[in-house]
Amino acid sequence: MNHFGGIAWDISWRDTEQWDAAIQALSDLFCPDSPEHAASRQAAERVRELINAVDPFLQEQTAVICPRCTNVCCIDRHGSFDLHDLVYAFCLQLPVPRYERHRNETDPCQFLDAAGCRLPRHQRPFRCTWHFCEALIAHLQTLPAKKVRAFHAAFQELQRVRAKMLLRACN
Ligand code: SF4
Ligand code: SF4
């Protein structure tokens, strides 16, 4: 599944025309409490639960690795919702970020401040959660295998349910 109602999976707010059309189309489609979207809302709820479940592990690891980073990955190019993120937000009636459109791709991400990302993890673009840089991957290899396996299992479930959410939204 790489598109939905003509919206490409890798849509970005940087394509203003496509972005505004997608937001309008999704606003028209998702009515709060509509029975036809009950299954996708249920899947989106599960996505949120799973993101919240993996968050403490990720926070624990990034708190060790990221403060030493000299090439921070939180640049503006990475801060856009994609199609899955939009469907998830519309299912759960979460805010879609309001993007400052004058920014350059390589500027620090507009949601980054001195204390880190301003968005709670479950409201961030999902790519921010699945991005594992080399330093983070190397750090995971130093952790107890059981702990890492538990994280991988939860993360695979998260990816599976997220894909199901979009399929359900299309039906
Ligand atoms: S995830 Fe990796 S690249 Fe991004 S800020 Fe942390 S250490 Fe740096
Ligand atoms: S984690 Fe937050 S600050 Fe970093 S790129 Fe994602 S949205 Fe931006």
Side-chain angles (χ1 to χ4, degrees), residues 2 4 7-16 18-20 22-23 26-27 44-145 147-163 165-166:
N2 56 12
F4 172 49
I7 307 168
W9 75 270
D10 59 347
I11 186 171
S12 163
W13 64 269
R14 290 185 178 280
D15 184 335
T16 309
Q18 194 190 35
W19 180 261
D20 290 346
I23 297 293
L26 290 167
S27 303
E45 276 295 358
R46 181 69 181 139
V47 168
R48 177 159 55 184
E49 281 173 15
L50 287 162
I51 292 174
N52 287 336
V54 298
D55 179 55
F57 176 85
L58 289 170
Q59 284 297 115
E60 192 182 328
Q61 311 323 321
T62 54
V64 174
I65 297 301
C66 299
R68 312 179 206 145
C69 183
T70 53
N71 187 20
V72 173
C73 55
C74 288
I75 57 173
D76 220 64
R77 181 169 62 237
H78 300 147
S80 182
F81 272 21
D82 64 16
L83 171 60
H84 285 72
D85 297 325
L86 285 172
V87 168
Y88 166 78
F90 272 86
C91 280
L92 298 181
Q93 296 180 267
L94 296 171
V96 173
R98 298 176 71 84
Y99 291 102
E100 293 173 14
R101 296 184 169 188
H102 61 279
R103 302 173 65 95
N104 294 318
E105 283 192 341
T106 53
D107 286 345
C109 177
Q110 53 196 283
F111 305 115
L112 185 65
D113 64 23
C117 183
R118 285 202 303 278
L119 303 175
R121 186 178 298 283
H122 80 271
Q123 290 184 27
R124 294 178 196 169
F126 187 65
R127 72 189 73 187
C128 303
T129 291
W130 65 244
H131 173 72
F132 292 87
C133 68
E134 284 180 19
L136 205 45
I137 291 169
H139 175 66
L140 293 187
Q141 288 165 359
T142 69
L143 300 177
K147 192 171 178 177
V148 177
R149 273 201 305 273
F151 167 73
H152 278 304
F155 202 78
Q156 281 176 349
E157 169 74 353
L158 169 53
Q159 288 176 303
R160 191 185 65 73
V161 179
R162 192 168 175 264
M165 173 195 68
L166 189 59

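Remember, predicted model here, so these are calculated numbers, not experimental data. Just so it is clear, the values below take in all heavy atoms, side chains as well, and ignore hydrogens, waters and symmetry mates. Order of listing sets the numbers, starting from 1, for every ligand and every atom in it.
Only the backbone of Asn71 comes within 4.0 Å of ligand 1, judged by heavy-atom distances. Contacts of Ala135 with ligand 1, taken as heavy-atom pairs under 4.0 Å, are absent altogether. Residue-level proximity to ligand 2 for Cys74 is carried by backbone and side chain together, each with a heavy atom below 4.0 angstrom.
Side-chain atoms of Arg121 never come within 3.5 Å of backbone atoms of Pro56 as a donor-acceptor pair (strictly under, hydrogens ignored). Arg118 places a side-chain N or O within 3.5 Å of a backbone atom of Gln110 that can act as its donor or acceptor partner. A distance-only check finds a donor-acceptor pair linking the side chain of Asp82 to the backbone of His84 [under 3.5 Å]. Side-chain N or O atoms of His78 include one that pairs as donor or acceptor with a backbone N or O of Cys73 at under 3.5 Å. Between the side chain of Tyr88 and the backbone N or O of His122, at least one donor-acceptor pair lies under 3.5 Å.
Numbered from 1 in the order shown, with element, the atoms of ligand 2 that lie under 4.0 Å from a heavy atom of Cys128 read 1 (S), 5 (S), 6 (Fe), 7 (S). Contact atoms of ligand 1 toward Ile65: 7 (S) (distance under 4.0 Å to a heavy atom of the residue). For ligand 2, the atoms closer than 4.0 angstrom to any heavy atom of Pro125 are 7 (S). Residue Cys117 approaches ligand 2 through these ligand atoms, each under 4.0 Å from one of its heavy atoms: 1 (S), 2 (Fe), 3 (S), 7 (S).
In this structure, Arg14 pairs ionically with Asp76, as a charged nitrogen and a carboxylate oxygen lie closer than 4.0 Å.
Among the atoms of Cys73, an N, O or S atom falls under 2.8 Å of atom 4 (Fe) of ligand 1. Backbone or side-chain N, O or S atoms of His78 do not reach atom 2 (Fe) of ligand 2 at under 2.8 Å.
From the protein, the heavy atom lying nearest to atom 6 (Fe) of ligand 1 is Cys66 SG, 2.3 Å. Looking from atom 2 (Fe) of ligand 1 to the surrounding protein, the closest heavy atom is Cys133 SG, 2.3 Å. Looking at atom 8 (Fe) of ligand 1, its nearest protein heavy atom turns out to be Cys69 SG, 2.3 Å.
Using the six-membered ring where Trp is involved, Phe57 and Phe151 have ring planes that are parallel, under 30° apart on the 30 and 60° scheme. Using the six-membered ring where Trp is involved, Tyr99 and Phe81 have ring planes that are perpendicular, over 60° apart on the 30 and 60° scheme.
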